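Data block below; observations after.
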Number of protein chains: 2
Amino acid sequence: MSAPERISKRDATRRENEARILSAAEKVFAEAGFGGATMQLIADMAGLPKANLHYYFATKEELYRKVVQQIFEIWLHAADSFDKAPGPVEGIGAYIDAKMEISRRHADGSKVWASEVMHGAPVIQDYLETTLRDWTAGRAALIQKWIDEGKMAPVDPRHLLYMLWATTQHYADFGHQIETLNGGRTLSDTQWRAAKASVKTIILRGIGAA
Amino acid sequence: MSAPERISKRDATRRENEARILSAAEKVFAEAGFGGATMQLIADMAGLPKANLHYYFATKEELYRKVVQQIFEIWLHAADSFDKAPGPVEGIGAYIDAKMEISRRHADGSKVWASEVMHGAPVIQDYLETTLRDWTAGRAALIQKWIDEGKMAPVDPRHLLYMLWATTQHYADFGHQIETLNGGRTLSDTQWRAAKASVKTIILRGIGAA
DNA sequence: CTCAACCCTGACCATACGGTCAGAAAACGA
DNA sequence: TCGTTTTCTGACCGTATGGTCAGGGTTGAG
């Protein structure tokens, strides 16, 4: 789209520092929760003095909010394949694949989101009431259409969506538990494939689409 | 079992205070997380001076550990019906019912557990490695037996268990999100029944047991 | 080269937290 | 009733936290 603009040294370091801080913050918030996380810890992990964090992000809350927004954007994007699918097998199948992949690649973000919602969404309540509500209504309508067309069994679209969220995000949020039950080892590529396949098989058959 | 023993006034108030504190702590830990919770807040909610909490529970960690243990016990107990069932329809169906009921009645406990596991289970790692590991192995074996007997489709028993945990606990842990998407209202009796039915229908059909 | 705008940070501050303790109050057994 | 054990609590303490700020360094447009 835009021509490759000249990036000043200032802009470059700014972007790099912000990314560094956000990445460190995501990890620390995921591991310690909002209350347990400290700016000092985030600073150390980002390799910057604490005062510098406050130059880029005025308050702890502001930094936290950015982290939460990031994962939310990623999830919204994951639903693209959902829409243009001809039916539930392709649409829901692709959605499960995408969300499982996110659980693997962005486990920390998922945990931060889970924490935020569990504590009553003090920071992103407006997102829930606007973006997420609209998003949900749209997909529920699509699922209902598939049901009306006889492409899947009649199930409550909303509860199906909750189930998709729950099962896929579980592999991120409860990853530590799963690892422990896996003998203390992280899931291998093969095991991740098996997890994806299990979830897809059970749900797609469960909604009468396979 | 035991004869109705004479309960001294001391024992009575002790028990009452401990219960009061544990109940308040569960709520505060669920709402604020371990790091965000303060002994002062718990004390206020329990209607006791802060120093009194430290008389009953030496440290914040000790109090927290007790809260986590409570929900864990409740969950273990919920699996009783699982065992003595003749097949997956009764066994898994009853387990889903029980766990959904717990999500409704003990949402705070569920959230505390989720938080604990998400943050790497610093306090109850030993439980995961002993009790939970054994429990999981036992149920996985039972599910495998059902599969071998042709009572359900061949699915990975562990991933099925994860799915059961994820879907049922989601209604507690993400209850706030669900409420928001429900127009800001808590689920009614009817809606809870529908939720249970949806989960059971999809999963039981998904494993080829209905 | 100049200078204004922006970037960086060590030192500092007020606050709030978990935890302690001395001693008062209450309960109990004899 | 008396002495002992247990329960309770206001006042206090050391520490760690989020946030501030003055002043020095760096960048880049003109």
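Letters A, B, ... mirror the listed sequences (proteins, then strands); counts begin at 1. Quantities reported herein were computed from a predicted structural model and do not represent experimental measurements.
Phe57(B) places its CZ atom 15 Å from the C1' atom of dT7(D), with the value rounded to the nearest Å. In this entry the distance linking NZ of Lys50(A) with C1' of dT20(D) reads 10 Å, nearest Å. Rounding to whole angstrom units, CG of residue Leu41(A) and P of dT17(D) are separated by 8 Å. Rounded to whole Å, the distance from CD on Gln40(A) to C1' on dG10(C) is 12 Å. Atom C1' of nucleotide dC8(D) and atom CG of Leu48(B) are separated by 10 Å, given to the nearest angstrom. Regarding Tyr64(A), its OH atom lies at a distance of 17 Å from the C1' atom of dG18(D), rounded to whole Å. Going from atom NE2 of His54(B) over to atom C1' of dA22(C) covers 17 Å, rounded to whole Å. In this structure, the CE atom of Met39(A) is 9 Å from the C1' atom of dG19(D), given to the nearest Å.
Looking at Glu31(A) and Lys27(A), no side-chain N of the basic residue comes within less than 4.0 Å of a carboxylate O on the acidic one, giving no salt bridge.
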Mind running salt bridge (charged side-chain N to carboxylate O under 4.0 Å, His left out) on Glu61(A) and Arg65(A) for me, showing each step along the way? CA-CA 6 Å; Glu61(A) 278 81 3; Arg65(A) 181 191 287 264; over 6 Å; no

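The side chain of Arg14(B) contributes no N or O atom lying less than 4.0 Å from OP1 or OP2 of dT6(D). For Tyr55(B) and dC8(D), the shortest distance from a side-chain N or O to OP1 or OP2 is not below 4.0 Å. The side chain of Asn17(A) places no N or O atom within less than 4.0 Å of a non-bridging phosphate oxygen (OP1 or OP2) of dC7(C).
Using a 4.0 Å heavy-atom criterion, one finds that Thr59(A) contacts the sugar-phosphate atoms exclusively. Among the protein residues, Ala37(B) comes within range of the sugar-phosphate backbone only, with heavy atoms under 4.0 Å from sugar or phosphate atoms but none that close to a base. Residue contacts shown for Glu62(A) are absent, as no nucleic acid heavy atom lies under 4.0 Å away.
Closest to the side chain of Asn52(A), from the set dC8(C), dG18(D), dG19(C), is dC8(C). Checked against dC7(C), dG18(C), dT20(D), the side chain of Tyr56(A) finds its nearest nucleotide in dC7(C).
Ring geometry, Tyr171(A) versus His159(B): the interplanar angle falls from 30° to 60°, so the pair is classed tilted.
Ring centers of Tyr162(B) and Trp165(B): under 6.0 Å apart, within the cut-off.
The base of dG19(D) has none of its N or O atoms less than 3.5 Å from a complementary donor or acceptor on the side chain of Lys60(A).
With a 4.5 Å cut-off on side-chain heavy atoms, His176(A) and Leu128(B) count as touching.
Toward the 5′ end of DNA chain C lies the nearest nucleotide of Ala51(A), the other residue of the pair Ala51(A) and Gly35(B) mapping further downstream.
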